[in-house]
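Okay, so here's the structure we're looking at.
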Amino acid sequence: MGYILKRFLLVLGCFVLALGHSIREKRQISKFVPKDPYHPQPALNEAGEVLVENRWQHVDAEEENAAFWNSLAQDRLREQVFRRPNLNVAKNVIFFLGDGMSIPTYAASRAYMGQQQKLRGEESQLAFDKFPHTGLSKTYCVDRQVADSACSATAYLCGVKANYGTIGVTAKVRYNQCGIQADPANQVDSLAAWAQKAGKSTGIVTTARVTHASPSGAYAHVANREYECDADVRTYGHNPAICQDIASQLVNNRTGTEFKVILGGGRTKFLPNSMQDEQGNAGEREDGVNLIDEWKRKHSNGVYVYNRKGLLQTDYDRTQYLLGLFDPSHLQYNLDKTAQTDQPSLAEMTEAAIKMLQKDRNGYFVFIEGGRIDHAHHETKARKALDETVEFSKAIDRAIQLTNREDTLIIVTSDHAHCMSLAGYSFRGTDILGVNSEISPIDGLPYATLTYANGPGYRAEQNGRLDLRRQDMTNKDYEYPSLAPLPAETHGGDDVGIFALGPQAHLVSGVMEQNVIPHIVAYAACIGDGFTICKKN
Ligand SMILES: *[C@@H]1O[C@H](CO)[C@@H](O)[C@H](O)[C@H]1NC(C)=O
Ligand SMILES: [Zn+2]
């Protein structure tokens with residue numbers, strides 16, 4: 001009896017299994033099995049229709065027409081064919097630097113910007129996407145494959161490649177070898193210094209500390225980017241009397257003292273440790289010097305502001321020099337700002353700088369940095385990196401509105417890439433900051449569209465991969481998945497873009513060493529140390 005029942009159950013079990021198996025088989029051996037193992041194709045049913053529900057909701061009706069694409073392409077072609085090179089001399093130069101703004105960063109930021117406006121996003125354009133001329137910049141430095149913001153600032157501002165971590169000095173100066181940084185033979189001057197020699201007004205603007213690596217490239221000469229104040233020089237075992245710090249160089253030395261505009265963060269690098277700034281943060285200097293007072297003393301008709309309100313109240317006609325330090329350190333991320341945050345946006349600082357500088361009939365040079373794109377990437381906080389890139393783009397839009405492309409050259413570039421990638425075959429308009437439309441057939445889990453090769457977003461998992469559907473990727477501080485664990489994500493060694501608009505912009509083309517950029521700018525503006533051939537018109 002028991003034996004017969006067991007036999008029966010076994011046969012029944014086999015039958016059910018076989019049935020299930022044959023259903024599965026049938027689904028798999030539909031006649032439309034994709035043959036290419038590298039490029040997954042949408043799954044099809046027996047009738048050859050795409051299985052995924054709502055698959056076509058992402059397609060816009062007008063994009064189904066050839067006429068739509070042909071007319072857009074023809075418009076662009078006409079622009080290219082009829083464009084005449086702008087052969088004017090650049091009276092003014094605005095140099096925009098997106099720190100760490102890699103090519104995937106702006107590809108993703110475009111989508112983010114469009115999606116904020118309820119568009120699908122991929123077709124949106126950042127301010128510099130519309131520039132007529134572009135090239136690629138090779139960013140390696142003299143001693144390293146992948147650049148930091150110091151050696152690269154020396155390249156794109158001073159025209160010479162340098163060692164990792166060093167600013168405004170030749171590669172003869174090794175990292176932290178500060179005894180020889182003050183020797184003029186080892187120093188290289190920046191576009192800002194060249195512009196000053198040619199009688200132009202100059203300035204620097206950044207969302208980072210004004211003593212941070214990128215803006216320092218415009219005025220400082222240091223063997224170590226971290227010598228931001230005298231106390232920092234001491235932490236590296238050096239005497240600040242021999243190895244002058246960056247804040248002191250900004251206030252006391254040749255190029256820095258002549259800046260008409262200095263806007264950014266980093267107050268505590270300028271104040272003695274016996275003092276507090278306007279918000280109660282202790283100064284960092286050990287030499288007892290108040291460099292903000294020193295700056296005021298040197299510029300009797302200068303104005304110092306420390307918040308947004310102060311900046312917006314500036315009387316540009318009456319102010320000859322403007323120093324704005326809006327944070328004890330870097331300015332806050334745009335996404336972290338609240339109603340209480342009294343800090344200007346990069347676009348507001350850009351407008352203030354242009355209004356200050358355009359009073360000069362000889363023209364101007366200004367360096368404007370979106371400094372925190374880089375920091376957000378280091379934290380693998382992709383949402384903030386994209387948001388800072390959009391803020392950077394808004395500042396460029398503002399500059400375009402306030403200037404004339406007949407006499408103002410605008411350059412937009414980056415110092416180095418990052419190791420974020422944009423992956424998968426998501427449907428059009430898929431949240432760029434979310435998971436991909438398709439699930440991995442190997443572990444049955446989704447994956448993020450934006451991921452990093454390394455960084456703090458690494459998560460050790462015991463049982464396979466983390467299920468991202470249980471994560472809040474909409475949080476502005478969400479750390480995107482990273483392959484290798486590192487306390488900070490690293491820069492990338494890929495080329496970065498160079499975008500140019502205005503006089504001589506057509507000279508930006510092809511793949512160039514990063515240090516060629518300031519030579520092109522100097523030629524366009526007819527400034528520079530004699531190695532630039534140009535003809536004033
Ligand atoms: C700054 O200027 C002073 C005075 O001219 C000079 O002694 C010093 O070497 C300069 N600093 C650097 C880093 O060049
Ligand atoms: Zn960085």
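As the structure lists them, so they are numbered: ligands from 1, and atoms in each ligand from 1.
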Handout entry: ring pair (Phe, Tyr, Trp, His ring centres under 6.0 Å) partner of Phe499, the single match among Phe95, Phe96, Tyr106
Key = Tyr106
Problem - Taking atom 9 (O) of ligand 1 as the reference point, the nearest protein heavy atom with its distance - result: Ala182 CB, 3.8 Å
Handout entry: Proximity winner for atom 11 (N) of ligand 1, if only heavy atoms of Gln187, Gln244, Gln249, Gln181 are counted
Key = Gln244
Handout entry: Heavy-atom nearest option to atom 8 (C) of ligand 1, drawn from Val169, Asn253, Asp245, Asp183
Key = Asn253
Handout entry: Protein non-hydrogen atom found under 4.0 Å from atom 4 (C) of ligand 1
Key = no
Exercise for the section: Answer with yes or no after comparing the ring centroid distance for Tyr458 and Tyr452 against a 6.0 Å cut-off, counting only values under it. Expected result: no
Practice task
Check the pair Thr211, Tyr219 against side chain to side chain contact (heavy atoms under 4.5 Å, CB included), reporting the backbone distance first and the verdict last.
Solution key: CA-CA 10 Å; Thr211 50; Tyr219 62 88; 4.1 Å; yes
Problem - With sequence neighbours excluded, residues passing salt bridge (Lys or Arg N to Asp or Glu O under 4.0 Å) with Glu226 - result: none
Exercise for the section: Could you please compute the angle at the Zn ion (ligand 2) from NE2 of His378 to NE2 of His491, rounded to 10°? Expected result: 90°
Exercise for the section: May I ask you to check whether Asp374 brings an N, O or S atom to under 2.8 Å from the Zn ion (ligand 2)? Expected result: yes
Problem - NZ/Lys172: more than 12 non-hydrogen atoms of other groups inside 6.0 Å - result: no
